[in-house]
Amino acid sequence: MTARRKLAAGNWKMNGTAEALDQVRALLAAHGAPGCDILLCPPATLVHRMADLAQGSAVAVGGQDCHAAASGAHTGDTSAAMLVDAGASHVITGHSERRTDHGETDAQVRAKTEAAHGAGLVAVVCIGETLDQREAGETLAVCGAQLAGSLPEGATAANTVVAYEPVWAIGTGKVPTLEQIEEVHTFLRRELEARFGAEGAGMRLLYGGSVKPSNAAEIFAVRDVDGALVGGASLKADDFGGIIAALEKA
Ligand code: PGA
């Protein structure tokens with residue numbers, strides 16, 4: 001089996017100004033040589049400062065979105081190359097809040113992911129079903145279609161991480177059962193291997209949606225869960241540190 005290094009990824013969403021960098025200082029002090037990869041994705045305004053702070057540490061910094069184009073007349077957008085210029089090594093693409101708030105389609109997510117790869121960023125590509133879709137028995141079909149549509153041909157184990165985030169579990173405190181998580185992750189792993197072969201076997205698969213220090217260990221024990229994409233609980237060093245500690249032990 002391909003060895004996949006575990007990844008604890010934090011998505012700060014639209015939270016945080018300069019004072020929030022104290023949480024990063026605390027995290028760096030507590031996790032100097034972690035037994036897993038750590039990624040923090042702050043709002044665009046903090047990427048540069050956080051990257052400066054984390055330089056040379058075990059914490060990587062990423063954006064939360066990028067435009068598919070390299071530059072041009074796209075007011076308010078950020079290109080992948082700009083994120084690299086600011087010190088980012090990763091970028092989240094296709095988060096369900098982007099898909100909902102900005103109507104992003106799989107084709108757009110794929111183009112953004114391709115742009116991220118072109119600029120040398122690792123893309124954390126998000127997929128996941130809504131509650132209606134789950135209740136209609138469409139979870140695997142929806143996730144399979146999003147996975148196929150959102151990943152470009154050039155996706156590799158090195159440049160792509162996939163995050164399974166059931167929309168109904170994000171920010172709600174509701175978490176799927178461990179069996180439900182395993183069912184989707186096993187399915188996604190098979191799909192990745194079928195399309196990308198050994199590269200698909202090596203891609204990290206994260207679970208995301210209401211991960212907390214109190215439920216992290218049981219989620220990380222699920223087969224084919226290689227870490228988590230964490231929203232709310234990534235904002236505080238203590239909470240995120242608890243999740244990192246659970247992942248180190250997994
Ligand atoms: P949450 O968010 O951990 O606050 O549920 C997860 C995410 O949206 O990545």
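Numbers here are sequence positions counted from 1. We count ligands from 1, going down the list as the structure has it; atoms in each ligand are counted the same way.
One option in H95, K174, Q64 has a heavy atom closer to atom 8 (O) of ligand 1 than any other, and that option is H95.
Numbered from 1 in the order shown, with element, the atoms of ligand 1 that lie under 4.0 Å from a heavy atom of G231 read 1 (P), 2 (O), 3 (O), 4 (O), 6 (C). Annotation for ligand 1: atoms under 4.0 Å from non-hydrogen atoms of G209 are 5 (O). In summary, the atoms of ligand 1 found under 4.0 Å from a heavy atom of G171, numbered by their order in the structure, are 1 (P), 4 (O), 5 (O).
Using a 4.0 angstrom heavy-atom cutoff, S210 counts as in contact with ligand 1. Residue contacts with ligand 1 do not include G208, since none of its heavy atoms lies under 4.0 Å from the ligand. Under a 4.0 Å heavy-atom criterion, K13 is in contact with ligand 1. Within the structure, the closest approach of A169 to ligand 1 falls below 4.0 Å when heavy atoms are considered.
Listed for the R4 side chain is a donor-acceptor partner under 3.5 Å among the backbone atoms of A201. Remark: the backbone N or O of P42 is paired with a side-chain donor or acceptor of Q64 at under 3.5 angstrom. For the pair E104 (side chain) and R98 (backbone), a donor-acceptor distance under 3.5 Å is absent. A donor-acceptor pair under 3.5 Å is absent between the side-chain atoms of Q146 and the main chain of I127, judged by distance alone. Using modelled atom types, one side-chain atom of Q133 and one backbone atom of T130 make a donor-acceptor pair closer than 3.5 Å.
Sorted by first and then second residue, the pairs that involve residues 148-157 and meet side-chain hydrogen bond (donor to acceptor under 3.5 Å, both in side chains), not counting sequence neighbours, are R99-S150, D106-S150, E153-R195, T156-N159.
The aromatic rings of Y207 and H185 sit tilted relative to each other, their planes meeting at an angle between 30° and 60°.
Nearest non-hydrogen protein atom to atom 4 (O) of ligand 1 is G232 N, 2.8 Å. Among all non-hydrogen protein atoms, the one lying nearest atom 7 (C) of ligand 1 is E165 OE2, 3.1 Å.
There is no path of hydrophobic side-chain contacts, each under 4.5 Å, that joins V122 to L188.
Of the polar atoms of I170, none of the N or O atoms is found under 3.5 Å from an N or O of ligand 1, judged by distance alone.
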